[in-house]
Amino acid sequence: MLRRILLGMSRSPQMKKAVSSLPVSSGIVARFVAGETAPEAVLATEKLVSNGLHVTLDHLGENVTDQNAASATANAYLDLLRKLSAAGLTKNAEVSVKLSAVGQALPGDGEKIALENARTICLAARNAGTTVTLDMEDHTTTDSTLAILRELRQDFPETGAVLQAYLRRTESDCRDLAYAGSRVRLCKGAYKEPESVAFQEKRQVDKGYVRAMKVLMNGEGYPMIASHDPRLISIAGALADRANRKPGSYEYQMLYGIRPEEQLRLARLGHTVRVYVPYGEDWYGYLVRRLAERPANLQFFARSLISKK
């Protein structure tokens, strides 16, 4: 119930204004968000890479309904890629793009605009020596996102996909995407979805996650296991062993600021571990979804409210 309330808050302008004005905001945001600017994101990336980790960077924002704002987001990614390249980080750092931030939600030609903006980002990423992963958003955008992915992969087959285990369709989508060269990030999902399309109970979501992992690990693609759950991480390792996968033929992904010691532990064992690093001014929706995912995150936020003045 608390998770559903928080996910509802993620789209509330009133709550955004209230939380943004709290003195604690800078403290809690700093744990989960690398900063508001590209230079801050690059600094966070340098630190993570120096510790043997890989990175994917997300310029925060979604559901853009203005074409100029969509173009501005695309340009922000181009600037970020230039800065990553100049810092020599593109061997270990890629970018994650939400299509609704680059035009998908625009009326009329939104999907076409998003495709063209994403194509521009993919070309810049390739020229910089790195890749792009298309983030997945709420279920109403899934078909559109996968259609744009198919278009992009004609010219940029290295483009990564994201699938969400709480959606009932995901096991089937995994089968469609588990082909050679296909990079697929599997996450649980962080949007408020109806029961008709998504599992509601944690146990159901976990079972769906394991079923999807089995498909990806036994397929010919490159699975990216995005989870902080110790049990699911352990199962992922066992499934990789059964599929005769070696470290480097799949990777673990975790969010910036969550279980950093586990990230380092897995990296020391020889696994590829990629940290999802968000940055930008539009951090509110992202923050609230992180609080909704784990009670420990909400407890951290409450302690910060008490301790900060």
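None of the values given here were measured: they were computed from a predicted structure.
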J.: Which heavy atom in Ala76 sits nearest to a heavy atom in Tyr279, and how many Å separate them?
T.: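 Of all heavy-atom pairs spanning Ala76 and Tyr279, the closest is O-OH, 4.0 Å.
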
J.: Ignoring hydrogens and angles, tell me if any N or O in the side chain of Tyr166 forms a donor-acceptor pair with the backbone of Cys187 under 3.5 Å.
T.: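 Absent.
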
J.: Between Tyr191 and Gln164, what is the shortest heavy-atom contact and its length?
T.: CD1-OE1, 3.9 Å

J.: Could you give me the CA-CA distance, side-chain angles and deciding distance for Arg175 and Glu171, then say whether salt bridge (Lys or Arg N to Asp or Glu O under 4.0 Å) is met?
T.: CA-CA 7 Å; Arg175 296 187 190 283; Glu171 186 177 355; 3.0 Å; yes

J.: Among residues two or more places apart or on two chains, list those pairs meeting salt bridge (Lys or Arg N to Asp or Glu O under 4.0 Å) that have a residue in residues 151-167.
T.: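 Sorted pair list: Arg119-Asp155, Arg126-Glu158.
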
J.: Can you check whether Leu152 reaches Leu134 side chain to side chain, under 4.5 Å on heavy atoms?
T.: yes

J.: State whether the side chain of Asp79 and the backbone N or O of Asn75 hold a donor-acceptor pair below 3.5 Å, judged by distance alone.
T.: no

J.: Is there a side-chain contact between Leu186 and Thr170 (heavy atoms, below 4.5 Å)?
T.: yes

J.: Hey, does the side chain of Glu193 reach the backbone of His139 with a donor-acceptor pair shorter than 3.5 angstrom?
T.: yes

J.: So, taking the atom named OG1 in Thr73 and the one named CG in Asn68, what distance separates them when rounded to the nearest 0.5 Å?
T.: 11.0 Å

J.: When you measure from the side chain of Asn51 to the backbone N and O of Leu53, does any donor-acceptor pair fall under 3.5 Å?
T.: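 Checked: no pair found.
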
J.: Evaluate side-chain hydrogen bond (donor to acceptor under 3.5 Å, both in side chains) for Ser144 paired with Gln104, printing each intermediate quantity in order.
T.: CA-CA 8 Å; Ser144 172; Gln104 187 183 39; 2.9 Å; yes

J.: Apply the test side-chain contact (heavy atoms from CB on, under 4.5 Å) to residues Leu146 and Met136: give CA-CA distance (whole Å), side-chain angles for both, the deciding distance (0.1 Å), then the verdict.
T.: CA-CA 9 Å; Leu146 292 177; Met136 192 62 76; 4.0 Å; yes

J.: Is there a side-chain contact between Val55 and Leu89 (heavy atoms, below 4.5 Å)?
T.: no

J.: Tell me whether Asn117 contacts the main-chain N or O of Val102 through its side chain, where contact means a donor paired with an acceptor under 3.5 Å.
T.: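 Indeed, once roles are kept as given, a pair shorter than 3.5 Å links the two residues.
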
J.: Determine, step by step, whether Ser227 and Asp229 satisfy the side-chain hydrogen bond (donor to acceptor under 3.5 Å, both in side chains) criterion, reporting the C-alpha distance in whole Å, the side-chain angles of both residues, the deciding distance to 0.1 Å, and the verdict.
T.: CA-CA 6 Å; Ser227 178; Asp229 188 322; 5.3 Å; no

J.: Determine whether Val42 and Leu80 make a side-chain contact, defined as any pair of heavy atoms from C-beta on separated by less than 4.5 Å.
T.: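 Touching, per the 4.5 Å side-chain cut-off.
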
J.: Provide the closest heavy-atom pair for Leu149 versus Gly160 in the form atom of the first, atom of the second, distance.
T.: CD1-O, 3.8 Å

J.: Ring-plane angle category for His271 and Tyr250, please: parallel below 30°, perpendicular beyond 60°, tilted otherwise.
T.: tilted

J.: For Ala34 versus Glu40, what's the shortest heavy-atom pair and its separation?
T.: O-CB, 3.8 Å

J.: Treating Gln263 as the side-chain partner and Leu255 as the backbone partner, does any N or O pair qualify as donor plus acceptor under 3.5 Å?
T.: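 Yes; at least one donor-acceptor contact below 3.5 Å.
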
J.: Is the number of heavy atoms from other residues, nucleotides or ligands within 6.0 Å of CZ (Arg169) greater than 12?
T.: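 Check passes, neighbour count above 12.
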
J.: May I have the step-by-step check of side-chain contact (heavy atoms from CB on, under 4.5 Å) for Tyr252 and Glu262, ending in yes or no?
T.: CA-CA 11 Å; Tyr252 295 102; Glu262 176 66 1; over 6 Å; no

J.: Would a single hydrophobic cluster contain both Met217 and Tyr179, if residues Ile, Leu, Val, Met, Phe, Trp and Tyr are joined by side-chain heavy-atom contacts under 4.5 Å?
T.: yes

J.: Would you mind reporting whether Met213 and Val210 have side-chain heavy atoms less than 4.5 Å apart?
T.: yes

J.: Just how far is it from atom CG of Leu48 to atom NE2 of His54, taken to the nearest 0.5 Å?
T.: 11.5 Å

J.: Are Val215 and Leu167 linked, directly or through other ILVMFWY residues, by side chains that come within less than 4.5 angstrom of each other?
T.: no

J.: Quick test of your reading of the model: are Glu62 and Lys98 salt-bridged, counting only N-O distances below 4.0 Å?
T.: no

J.: As an exercise, state the distance from CG of Asp173 to CZ of Arg168, rounded to the nearest 0.5 Å.
T.: 14.5 Å

J.: Any chance you could measure Leu60, atom CG, to Asp58, atom CG, to the nearest 0.5 Å?
T.: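 Output value for this atom pair is 5.0 Å.
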
J.: Any side-chain heavy atom of Lys188 sitting closer than 4.5 Å to one from Lys202?
T.: yes

J.: Take Thr45 and Tyr256 through the test side-chain contact (heavy atoms from CB on, under 4.5 Å) and record every step on the way to the result.
T.: CA-CA 10 Å; Thr45 300; Tyr256 183 72; over 6 Å; no

J.: Can a donor-acceptor pair be found, under 3.5 Å and without considering hydrogens, that links the side chain of Glu137 to the backbone of Ser100?
T.: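 Indeed, once roles are kept as given, a pair shorter than 3.5 Å links the two residues.
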
J.: Calculate, to the nearest 0.5 Å, the distance between atoms CG and CG belonging to Leu106 and Asp66 respectively.
T.: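 The CG atom of Asp66 is 7.5 Å from CG of Leu106, to the nearest 0.5 Å.
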
J.: Could you state whether Ile121 and Ile113 fall into the same hydrophobic cluster, counting links through intermediate Ile, Leu, Val, Met, Phe, Trp or Tyr residues with side-chain heavy atoms under 4.5 angstrom apart?
T.: no

J.: Look at the side chain of Ser85 and the backbone N and O of Arg82, then say whether any donor-acceptor pair between them is shorter than 3.5 Å.
T.: no

J.: Could you walk me through whether Asp206 and Leu232 pass the side-chain contact (heavy atoms from CB on, under 4.5 Å) check?
T.: CA-CA 8 Å; Asp206 287 351; Leu232 291 178; 4.1 Å; yes

J.: I would like to know whether Asp135 and Arg185 meet salt bridge (Lys or Arg N to Asp or Glu O under 4.0 Å); could you show each step before the answer?
T.: CA-CA 9 Å; Asp135 274 332; Arg185 177 195 301 156; 2.7 Å; yes

J.: First locate atom CG of Leu99, then atom CD1 of Ile148, and finally report the distance between them rounded to the nearest 0.5 Å.
T.: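 Rounded to the nearest 0.5 Å, the CG-CD1 separation comes to 4.5 Å.
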
J.: Quick one, Thr133 with Glu94, criterion side-chain hydrogen bond (donor to acceptor under 3.5 Å, both in side chains). Give me CA distance, side-chain angles, the key distance, then yes/no.
T.: CA-CA 8 Å; Thr133 294; Glu94 62 146 38; 2.9 Å; yes

J.: What are the two closest non-hydrogen atoms of Met224 and Ala161, and how far apart are they?
T.: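 Nearest heavy atoms, Met224 then Ala161: CE-O, 4.2 Å.
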
J.: Taking the side chain as everything from C-beta on, heavy atoms only, tell me whether Phe156 gets closer than 4.5 Å to Val132.
T.: no

J.: Mind listing the closest non-hydrogen atom pair of Ala212 and Cys174 along with its distance?
T.: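 Taking every non-hydrogen atom into account, CB-SG, 3.6 Å.
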
J.: Could you see if Leu57 belongs to whatever hydrophobic cluster contains Val273? Use Ile, Leu, Val, Met, Phe, Trp, Tyr and a side-chain cutoff under 4.5 Å.
T.: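 Shared cluster, yes.
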
J.: Heavy-atom count check: over 12 atoms from other residues, nucleotides or ligands less than 6.0 Å from Gln204 CD?
T.: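 Yes.
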
J.: Find out if a path of hydrophobic residues (ILVMFWY) with successive side-chain heavy-atom gaps under 4.5 Å connects Val97 to Val275.
T.: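 Yes, same cluster.
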
J.: Answer yes or no: is there a side-chain heavy-atom contact under 4.5 Å between Pro278 and Phe32?
T.: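 Not touching, per the 4.5 Å side-chain cut-off.
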
J.: Taking Leu177's backbone N and O only, do any of them form a donor-acceptor pair with Ser182's side chain (distance below 3.5 Å, no angle check)?
T.: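 Pair found, side chain donor or acceptor close to backbone of Leu177.
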
